[in-house]
Amino acid sequence: WEEERYPEGIKWKFLEHKGPIFAPPYEPLPENVKFYYDGKVMKLSTKAEEVATFFAKMLDHEYTTKEIFRKNFFKDWRKEMTSEEKSTITNLSKCDFTHMSQYFKAQTEARKQMSKEEKQKIKEENERLLKEYGYCVMDNHKERIANFKIEPPGLFRGRGNHPKMGMLKRRIMPEDIIINCSKDSKIPAPPPGHKWKEVRHDNKVTWLVSWTENIQGSIKYIMLNPSSRIKGEKDWQKYETARRLKKCVDKIRNQYREDWKSKEMKVRQRAVALYFIDKLALRAGNEKEEGETADTVGCCSLRVEHIKLHPELDGQEYVVEFDFLGKDSIRYYNKVPVEKRVFKNLQLFMENKQPEDDLFDRLNTSILNKHLQDLMEGLTAKVFRTYNASITLQQQLKELTNPDDNIPAKILSYNRANRAVAILCNHQRAPPKTFEKAMMNLQSKIDAKKEQLADARRELKSAKADAKVRRDEKSKKSVESKKKAVQRIEEQLMKLEVQATDREENKQIALGTSKLNYLDPRISVAWCKKWGIPIEKIYNKTQREKFAWAIDMAEEDYEF
DNA sequence: CCCAAGACTTGGAACAATCTTC
DNA sequence: GAAGATTGTTCCAAGTCTTGGG
């Protein structure tokens, strides 16, 4: 896909697609499924019923017990009610959705119990839709579209403590949709009886369809799949920028260390923030509108209350204790020894401030990024995350890979290197619900395997003894086969043990995000080539499609 | 310069498909 | 061949950074 270069800002010359798929229309509940208000059956209007089903479907979720969720939901629900409904239904606590909820559970169950043929039919229908709407033509290529289905209406579920949780996410209609395609393409037809909000031909952007969502008022897009030329090329560029940073990172580090001593407060704050971004892989931390989203922060938006200074802690000097909620309300907790100058600066920044005051009051992401732009073209805060993630992977792979290991052990090393990056980037997950049980199962498997091994060894021993006495071909052969059996079981045991270690270490760590977004895939491809590891062991099908450019490009000796 | 809008990347969880085990 | 475990896919929210207009 590296055929022609477009002039600055032009993303394509030809773009043709079929438009989006809309959410299926609401199907009213059967007559026998009842809603109760204050203990009495109540028949709801279609619109009110639809919104009620959104709530009923979430009844088992903790969300529906939360004050804010209930308040937001009830407010938006009432907007959909008829005036009679509005005057009757005045208290959410008197609403009984359990019958509706049971009905949906039964439906889910029924779907699971469907016959093979029925399931096959649904699958075929999905494939047909994918074939028709899932692809577009961009310039000379047929490309997969990422999200060609419009999000269905429902209740908004923010993450963490979101002030808007429970609000009604309205149904998107063709009249909300902006279509983007080229003039000379076949323009997608709106559903019968409808029209698009707008059809435009903007080849300076990559999206095919957009609409404005009603919760935050932000724009949503339909774009291409990661396997597409346009995404792949951008991804490649991202890593090339990070590699350019590698060349000048020492200089930049020296620079910000100098700046810790600056007379100007703004420069000092910038230098300390950059130190954190570099050392701890923190995100930039843009300002957010208060009350519109969950209260989370990144580096530039850290507040005094998010750090504690310890002149000495556990035998270490100048320790900064971080405790804040980052993106997606994931907690960042870390105790980091820092250089004395950084520590002194932090003390200075915190002087005469309230806990809720900004730590870096003279700094924001735009100031920081402008500075970075001067240090290196294309440099922004997030490049440090990419750079540090990728360089860490490369180092860790070098350090951890043992040439004598077999393939499973080498893959464990790979996962450990990946894990080091995930820890750096603070990619956490909730421990899987079945984690403990799965762990125990695996342990009993290991125990069983150990016993099997002991048995096999005993048998080998007696076969050897037997062979010594008999000295015939048959017993010799028996020894050989017993030896092989022992070896095989040893290998199986080792594999299980490796698996157990890997899983235990991975309990609360999410590897996916770093693998997909931060690690230069060429490092992994080169590592696979070097050690003869099949690429499928590292990347599944989707990942191989996304990283096709890297698999194509990288040789064994690739250096990030 | 500031701000809001816009475009695009990054994020964990839910859900679905597939594999393993009994 | 059903149930449970595991892996892959989809979903859509939540960030980053750029752009354009005052």
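These numbers come from a predicted model, not from an experiment. Sequence lines set the chain letters: A, B, ... in the order given, protein chains first and strands last, and positions in each chain run from 1.
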Starting at [atom1] of [X] and ending at [atom2] of [N], how long is that distance when rounded to a whole Å?
X	N	atom1	atom2	result
Glu127(A)	dA16(B)	CD	P	16 Å
Lys149(A)	dT10(C)	NZ	C1'	9 Å
Ile215(A)	dC12(C)	CD1	C1'	12 Å
Arg544(A)	dG8(C)	CZ	C1'	12 Å
Glu151(A)	dA14(B)	CD	P	17 Å
Ile219(A)	dT9(B)	CD1	P	15 Å
Leu155(A)	dA13(C)	CG	C1'	15 Å
Leu511(A)	dG8(C)	CG	C1'	15 Å

Is the phosphate of [N] approached by [X] (side-chain N or O, under 4.0 Å from OP1 or OP2)?
X	N	answer
His162(A)	dA13(C)	no
Asn369(A)	dC17(C)	yes
Arg385(A)	dG11(B)	yes
Asn286(A)	dT16(C)	yes
Lys234(A)	dA7(B)	no
Thr380(A)	dC17(C)	yes
Lys288(A)	dG15(C)	yes
Lys370(A)	dC17(C)	no
Thr293(A)	dA14(C)	no
Arg283(A)	dA14(C)	no
Tyr518(A)	dT9(B)	no
Lys204(A)	dG6(B)	no
Ser218(A)	dA5(B)	no

Ignoring the backbone of [X], work out which of [options] is nearest its side chain.
X	options	result
Ala430(A)	dA13(B), dC17(C), dA7(B)	dA13(B)
Asn517(A)	dT10(B), dC8(B), dG8(C)	dT10(B)
Trp207(A)	dT10(C), dA14(C), dA7(B)	dA7(B)
His427(A)	dG11(B), dG6(B), dT9(B)	dG11(B)
Lys382(A)	dC12(C), dC8(B), dT10(B)	dT10(B)
Arg429(A)	dC8(B), dT18(B), dA13(B)	dA13(B)

request  = On DNA chain B, check which nucleotide each of Asp328(A) and Asn126(A) is closest to and give me the residue with the more 5' one.
outcome  = Asp328(A)

query = Of Met223(A) and Ser366(A), whose closest DNA chain B nucleotide lies nearer the 5' terminus?
reply = Ser366(A)

Cationic N near anionic O, under 4.0 Å, [X] to [Y]:
X	Y	answer
Glu545(A)	Lys541(A)	yes
Arg522(A)	Glu240(A)	yes
Arg303(A)	Glu305(A)	yes
Glu125(A)	Arg128(A)	yes

message = Distance criterion of 3.5 Å, no angle test: do you see the side chain of Lys327(A) paired donor-to-acceptor with the base of dT10(B)?
response = yes

inquiry  = For Lys18(A), give me all partners under salt bridge (charged side-chain N to carboxylate O under 4.0 Å, His left out), at least two apart in sequence or on another chain.
reply    = Glu132(A)

task = For Arg171(A) and Glu50(A), run salt bridge (Lys or Arg N to Asp or Glu O under 4.0 Å): C-alpha distance rounded to whole Å, both residues' side-chain angles, the deciding distance at 0.1 Å, then the answer.
result = CA-CA 11 Å; Arg171(A) 181 178 290 272; Glu50(A) 179 179 7; 3.0 Å; yes

Could you check whether [X] gets within reach of a base, just the sugar-phosphate, or nothing at all, counting any heavy atom under 4.0 Å?
X	value
Thr296(A)	sugar-phosphate
Pro226(A)	nothing
Ser210(A)	nothing
Lys541(A)	nothing
Gly158(A)	sugar-phosphate
Lys515(A)	nothing
Ala381(A)	sugar-phosphate
Ile330(A)	sugar-phosphate
Gly298(A)	nothing

Close aromatic pair by centroid cut-off 6.0 Å: Phe55(A) and Phe73(A) = yes

ask   = How about Tyr518(A) and His427(A): are their ring centres within less than 6.0 Å of each other?
value = yes

note = Walking DNA chain C from its 5' end, the first of Ala284(A) and Ile150(A) to be reached, judged by nearest nucleotide, is Ile150(A)

ask   = If each of Thr542(A) and Gly160(A) is mapped to the nucleotide of DNA chain C with the nearest heavy atom, which maps nearer the 5' terminus, i.e. the 5' end?
value = Thr542(A)

note = Test side chain to side chain contact (heavy atoms under 4.5 Å, CB included), reference Leu15(A), set His201(A), Met138(A), Glu143(A), output is Met138(A)

